[in-house]
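Here's the structure we're looking at; comments come further down.
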Amino acid sequence: MSDLEVELPDGSERHLPVGSTGRDLAASIGARLAKDALAIDENGILRDLVAPLEDGARVAVVTPASPKGREILRHSTAHVLAQAVTRLWPGAHYAIGPAIENGFYYDFSLPGGAHFSDDDLERIDAEMRRIIKEDQPFTRHEYSYDEGVQLFKDQPFKVEIINAVRDGASGEDLGEVANASVVSTYSNTDAFVDLCRGPHVPSTARLGHFKLMRVAGAYWRGDEKRPQLQRIYGAAWESKEALEAHLVQLEEAEKRDHRKLGQELDLFSFPSELGPGLAVFHPKGGTMRRVMEDYSRARHVAGGYEFVNSPHITKAELFETSGHLVWFADAMYPPMELDDGQNYYLKPMNCPFHTLIYKSRQRSYRELPLRMFEFGTVYRYEKSGAVHGLTRVRGMTQDDAHIFCTRDQMREELASLLTFVLDLLRDFGLNDFYLELSTRPEGKAVGSDEEWLEAETTLESVARGAGLELVLDEGGGAFYGPKISVQARDAIGRTHQLSTIQLDFQTPQRFEASYIAPDNARHRPIMIHRALFGSVERFMAILIEHYAGNMPTWMSPEQVRVLGVRDDHDPYAQRVADTLRDDGVRVGIEEANEPLGARIRRAKLEKIPYILVVGDDDVAKATLGVNARGSNDPERGVTLEEFRRRLAEEIATHASPEER
RNA sequence: GCCUGGGUAGCUCAGUCGGUAGAGCAACGCAUUCGUAAUGCGUAGGUCAGGAGUUCGAAUCUCCUCCCAGGCUCCA
């Protein structure tokens, strides 16, 4: 009897009878593995456990607690969701249902234009658990395209997918497709059949650690001109523990939500009188903001930037010249028409203003690079459904600068800029970065191919020179040029787009900006747009979430609060506070009208870095009781001098009390 | 902009069948003087998001508008 031979991940080889399957392989390795196995990875392609093995293949058995295993679990759970929905809503159309990070979703169109409600999730959940209990096998079948179309004649979305694949469209974004020439399906015991590339778990009994999370609208194939479908999101994991850990993590993220903390810590609010996406900063949030801005200003002074200012509104002419009214009008507030017939616009960007400053007189090559910085407040008419806390607003302040330089200077300027950016972000406590290169947006860009190519290749080589991971974002650039963006991972592993650096050959041309070079002729400068925080509001939101509201001491609105044990200690508490205030510390005091415990509790809830408790011993010996944020045992008898020294160092190094 | 779900005191939330509104915290007043996460008593606080409708009567039912959340689309 002839054998086939496969290679395992550890390099060993295994012989099995011809016709053996992944399941046979797993069984030959061990009973435990056979029980765990969900599918196999054969030469990098995932296949069902019951698929016959290929001679000479490199094979790995896929188990649940692995990235590939989870993907299969999630995808299979999505199929069970679709089956449950079709049982509960006969005639429902199902579209696509891929595995996603932490779970899965499936898109539906219900008969008669019905919609899911939150209550339906419970019914669907119960139906899914029934299907899982029925231990239905997932069985693969293959058909020709025509057979496939016939099979799914009542499922228009499936037919559209089959036709799109046959017509050579990219299958990637469709989530579930056939391979080059066959339409594959998976069916369960009853009438449910789904178009799918596979693989799936052997049986629904292998599933069950899932939770339906929410229902949402989603456009068919992500296109807002196409019909909107009903999407159900779910989380799915390999075990009860893993699912619960994920749900706990969601709760953690919720606790860090800057909108919640902004309310609790009295930092900012969104009065409904102002409208969506328009925030006001309260004194504490205002202090935090001032500290961030002051620090940024100081770094920019040191970095050779000039400080400029520009108004919030301007005649239409400026944005006609810049191209914004052609390319960016969707995101601009409608114009105000004035008596003289002029249209005035709120500015969505600062660059045209800075360009005018550049043009205000003739420039010499000796002035370049010329770096102009402004905390520029801009207004963008975001779609009402897009605004989100401080991270997506309609009025925001950018830490915006434009650098005018020669082509020869461009590369070096970009390289030093990247160092400048990363240093600044590190000073705010972010350390884990990668870069993203966004290239020319198809059909929405100005400038010649040569210019774009030069800009993109220059940016790419500078990005590579930074030694960080670089990810390509095809077509994600601005209409006037490509960009590098710095992405940062926060304390709980989420990534945020922060700084953007954009290269722009277009604006100087459109405004006919020039400089006189050593050859005594006019030359065109190039322009670099860059915002390091992105926007002050958004950056603050990210930091609040990164630190869960426990801001490093230098950024805390109130750094120290002094509490006397009894009211006859208040004068000493006041002297301590005065001394610290003279040191430049933001210090508060709460008089002894309430029990000490209550005052400490309040200060803790406000996340103040240091609570100083002073009583009889302290008055006698000029000492303090130091209760640091994050610590459970307060320190007694610290001299005022010692505390001042420690605090000054902590502030200077941007450290937090938790790090001590 | 679109889909789903929301909006009750400064905050977090109850409010039954349609019968004109309640708690805790916060605020304010008085008392309390205390060594590391909630002292006691009292007072005040509401156009139930706004408007229209149904009804003898609306926080509650219907419609419209505004705002919020989660998604989609878009994006810093």
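Chain identifiers are assigned alphabetically (A, B, ...) following the order of the sequence lines, protein sequences preceding nucleic acid strands; residue numbering begins at 1 within each chain.
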Next item on the list: Choose from B:A37, B:C74, B:G35 the nucleotide whose nearest atom is closest to any side-chain atom of A:Arg392.
Entry: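 Side chain of A:Arg392 sits closest to B:C74.
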Checklist line | Among B:G35, B:G1, B:U36, the nucleotide that comes nearest once only the side chain of A:Asp616 is considered | finding: B:G35
What's the gap between [N] and [M] when it is taken at their [atom1] atoms, as a whole Å value?
N: B:G6; M: B:C74; atom1: C1'; result: 24 Å
N: B:A21; M: B:C66; atom1: P; result: 30 Å
N: B:A9; M: B:G71; atom1: P; result: 26 Å
N: B:G70; M: B:A14; atom1: C1'; result: 25 Å
N: B:C11; M: B:A69; atom1: P; result: 15 Å
N: B:C48; M: B:C13; atom1: C1'; result: 14 Å
N: B:G19; M: B:G57; atom1: C1'; result: 7 Å
N: B:G7; M: B:C61; atom1: P; result: 10 Å

Check: Donor-acceptor pair under 3.5 Å: do we get one between A:Glu382's side chain and the base of B:A76?
Finding: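 Under the 3.5 Å cut-off, the side chain and the base do form a donor-acceptor pair.
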Next item on the list: Can you check whether any acceptor in the base of B:G35 is under 3.5 Å from a donor in the side chain of A:Asp618, or vice versa?
Entry: yes
To the nearest 0.5 Å, tell me how far [X] [atom1] sits from [Y] [atom2].
X: A:Ser499; Y: A:Asp399; atom1: OG; atom2: CG; value: 7.5 Å
X: A:Leu229; Y: A:Tyr105; atom1: CG; atom2: OH; value: 10.0 Å
X: A:Leu543; Y: A:Arg538; atom1: CG; atom2: CZ; value: 11.0 Å

Whole Å only: how far is the [atom1] atom of [X] from the [atom2] atom of [N]?
X: A:Arg636; N: B:U36; atom1: CZ; atom2: P; result: 7 Å
X: A:Asp330; N: B:U73; atom1: CG; atom2: C1'; result: 12 Å
X: A:Lys260; N: B:C13; atom1: NZ; atom2: C1'; result: 13 Å
X: A:Glu591; N: B:U32; atom1: CD; atom2: P; result: 17 Å
X: A:Arg566; N: B:U39; atom1: CZ; atom2: P; result: 18 Å
X: A:Leu605; N: B:A37; atom1: CG; atom2: C1'; result: 7 Å
X: A:Arg231; N: B:U73; atom1: CZ; atom2: C1'; result: 11 Å
X: A:Leu265; N: B:A26; atom1: CG; atom2: C1'; result: 15 Å

Margin query: Given 3.5 Å as the limit, does a donor-acceptor pair link the side chain of A:Ser438 with the main chain of A:Gly477, or not?
Written below: no
Item checked: Any pair counted as ring pair (Phe, Tyr, Trp, His ring centres under 6.0 Å), so long as it reaches residues 587-607 of chain A, sequence neighbours left out ->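 Listed once each, the pairs would be none.
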What about [X] and [Y], are their ring centers closer than 6.0 Å?
X: A:His529; Y: A:Tyr480; result: yes
X: A:Tyr106; Y: A:Phe104; result: no
X: A:Tyr345; Y: A:Phe328; result: no

Please tabulate the protein-to-nucleotide N/O contacts below 3.5 Å involving nucleotides 65-69 of chain B, giving atom names and distances.
residue: B:A69; atom: OP1; partner: A:Arg259; partner atom: NH1; Å: 3.2
residue: B:A69; atom: O3'; partner: A:Arg259; partner atom: NH1; Å: 3.4

Parallel, tilted or perpendicular, judged at 30° and 60°: which one describes the rings of [X] and [Y]?
X: A:Tyr381; Y: A:Tyr333; result: perpendicular
X: A:His246; Y: A:Trp237; result: tilted
X: A:His300; Y: A:Phe373; result: tilted

Margin query: Using ring pair (Phe, Tyr, Trp, His ring centres under 6.0 Å), reason through A:His324 and A:Phe479 one step at a time and then give a plain yes or no.
Written below: CA-CA 9 Å; A:His324 284 89; A:Phe479 70 84; 5.5 Å; yes
Next item on the list: May I ask you to verify if any side-chain N or O of A:Lys225 is less than 4.0 angstrom from the OP1 or OP2 atom of B:C2?
Entry: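 No, no such contact exists.
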Item checked: Counterpart residues, side-chain hydrogen bond (donor to acceptor under 3.5 Å, both in side chains), relative to A:Asp618 (two or more places apart) ->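 With sequence neighbours excluded, A:Asp618 shows a side-chain hydrogen bond (donor to acceptor under 3.5 Å, both in side chains) to A:Thr623, given in chain and number order.
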Please give the nucleotide sitting opposite [N] as a Watson-Crick or G-U wobble pair, both distances under 3.5 Å, or none.
N: B:A23; answer: B:U12
N: B:G18; answer: none
N: B:C61; answer: B:G53
N: B:C66; answer: B:G7
N: B:C72; answer: B:G1
N: B:G40; answer: B:C30
N: B:G35; answer: none

Under-3.5 Å N/O pairs linking protein and nucleotides 3-8 of chain B:
residue: B:C3; atom: O4'; partner: A:Gln228; partner atom: OE1; Å: 2.7
residue: B:C3; atom: O2'; partner: A:Gln230; partner atom: NE2; Å: 2.9
residue: B:C3; atom: O2; partner: A:Gly217; partner atom: N; Å: 3.2
residue: B:U4; atom: OP1; partner: A:His115; partner atom: NE2; Å: 3.3

Classify the nucleic acid contact of [X] as base, sugar-phosphate or nothing, counting any heavy atom under 4.0 Å across all strands shown.
X: A:Asp568; result: nothing
X: A:Asp617; result: base
X: A:Val393; result: base
X: A:Gly222; result: sugar-phosphate
X: A:Thr391; result: base

Next item on the list: Give me the residues of residues 593-603 of chain A where at least one heavy atom lies under 4.0 Å from an atom of RNA chain B, by number, or none.
Entry: A:Asn593, A:Glu594, A:Pro595, A:Leu596, A:Gly597, A:Ala598, A:Ile600, A:Arg601
Item checked: side-chain hydrogen bond (donor to acceptor under 3.5 Å, both in side chains) partners of residues 591-601 of chain A, not counting sequence neighbours, each pair once -> A:Glu594-A:Arg602
Item checked: Residue whose nearest RNA chain B nucleotide is more 5′ - A:Ala592 or A:Gly385 -> A:Gly385
Note to self: Nearest heavy atom decides the nucleotide; on that basis, is A:Lys604 or A:Tyr219 closer to the 5' end of RNA chain B?
What the structure shows: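 First, find each residue's nearest nucleotide; the 5'-ward one identifies A:Tyr219.
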Notebook entry, point to check: A:Thr397 and A:Thr377: side-chain donor and acceptor closer than 3.5 Å?
Noted result: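 There is such a pair (donor and acceptor under 3.5 Å, judged by atom type) between the side chains of A:Thr397 and A:Thr377.
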